[in-house]
*Asks:* 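For reference, the structure I am asking about is given below.
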Amino acid sequence: MTLEKLQSEMIAAMKNKDKERKETISSIIQAVKKFGIDNMCKDNISEEQIDAVILKEKKTVQEMIDTCPADREELVRGYRAKMSIIDEFAPTLMTDEAEIIAYVQGTGIELIKANRGAVMKALKGKADMKVANIAVGKLLS
């Protein structure tokens, strides 16, 4: 995902008068820009970094859904709508253990034995980290 694509999607939402979509995309853009400023790469934010920010926003919204009281149905509906918009832009993560193992083996099993942390870092943003941790653990045993 690129910042330009996000901005064009926000403009399209504004033209279509889709307030909820515009606000959601705007919050993602703000988070990306804040990340760029915080990491001193304001003019040079990579797609990987943007994907990481989107995944972080997705996690935040999921936590809102999970912690929202059951009697606040309207609020939960709003969070779910926001989540569906974020899902459009979020990268697809590997969630299958066999797929993660195949990916890691394709990068070289020696790397795993040498440095588990490097492999986990390489999988960040590409795989569900809970499943990845289990898969890498199986490869090490």
*Asks:* Begin from the C-alpha positions of L93 and L55 and carry the test side chain to side chain contact (heavy atoms under 4.5 Å, CB included) through to its verdict.
*Replies:* CA-CA 10 Å; L93 298 178; L55 288 173; 4.0 Å; yes
*Asks:* Taking all atoms of both residues into account, what is the closest heavy-atom pair of L123 and A132, and its distance?
*Replies:*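 Here L123 and A132 meet closest at CD1-CB, 3.8 Å.
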*Asks:* Which heavy atom of A31 sits nearest to which heavy atom of E57, and what is that distance?
*Replies:*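 Minimum heavy-atom separation between A31 and E57: CB-OE2, 3.5 Å.
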*Asks:* Looking only at atom types and distance, does a side-chain atom of N39 sit under 3.5 Å from a main-chain N or O of C41, one as donor and one as acceptor?
*Replies:*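 It does not hold such a pair.
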*Asks:* Considering only heavy atoms from C-beta outward, does the side chain of D87 approach that of M83 to under 4.5 Å?
*Replies:*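 D87 reaches M83 side chain to side chain.
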*Asks:* Ignoring hydrogens, what is the shortest heavy-atom contact between V61 and Y79? Give both atom names and the distance.
*Replies:*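 V61 and Y79 have their closest heavy atoms at CG1-O, 3.5 Å.
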*Asks:* Between T95 and V131, what is the shortest heavy-atom contact and its length?
*Replies:*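 Result for this residue pair: O-CG1, 3.6 Å.
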*Asks:* Distance check, rounded to the nearest 0.5 Å: I100 atom CD1 versus M129 atom CE?
*Replies:*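 Reported to 0.5 Å precision, the distance equals 8.5 Å.
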*Asks:* Between D51, T2, L3, I37, which is the residue that forms a side chain to side chain contact (heavy atoms under 4.5 Å, CB included) with V32?
*Replies:*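 Result: among D51, T2, L3, I37, L3 is the only option passing the side chain to side chain contact (heavy atoms under 4.5 Å, CB included) with V32.
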*Asks:* Do I134 and V136 share a hydrophobic cluster, counting only Ile, Leu, Val, Met, Phe, Trp and Tyr and linking them when any side-chain heavy atoms are less than 4.5 Å apart?
*Replies:*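 As far as the 4.5 Å side-chain criterion goes, V136 and I134 are not connected within one cluster.
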*Asks:* Going hydrophobic residue to hydrophobic residue with side-chain gaps under 4.5 angstrom, can you get from I45 over to V53?
*Replies:*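 Yes, it is one cluster - the side chains of I45 and V53 are joined through contacts under 4.5 Å.
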*Asks:* Take atom CG of D38 as the centre, draw a 6.0 Å sphere, and report whether it contains more than 12 heavy atoms from other residues, nucleotides or ligands.
*Replies:*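 Enclosed.
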*Asks:* Rounded to the nearest 0.5 Å, what separation is found between the NZ atom of K5 and the CD1 atom of I25?
*Replies:*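 Here the rounded value is 9.0 Å.
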*Asks:* How close do I54 and F89 get, counting heavy atoms only, and between which atoms?
*Replies:*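 Looking at all heavy atoms of both residues, the shortest contact is CD1-O, 3.7 Å.
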*Asks:* Nearest 0.5 Å please: distance from the CD atom of E20 over to the NZ atom of K82.
*Replies:*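 With rounding to 0.5 Å, CD (E20) is 9.0 Å from NZ (K82).
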*Asks:* How long is the span from the CZ atom in R80 to the CD1 atom in I85, to the nearest 0.5 Å?
*Replies:*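 One finds 14.5 Å between CZ of R80 and CD1 of I85.
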*Asks:* Please report the interatomic distance NZ(K126) to CD(E48), rounded to the nearest 0.5 Å.
*Replies:*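 If I round to the nearest 0.5 Å, the distance is 5.0 Å.
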*Asks:* Rounded at 0.5 Å granularity, tell me how far CD1 in I28 sits from CD in E23.
*Replies:*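 CD of E23 is found 12.5 Å from CD1 of I28.
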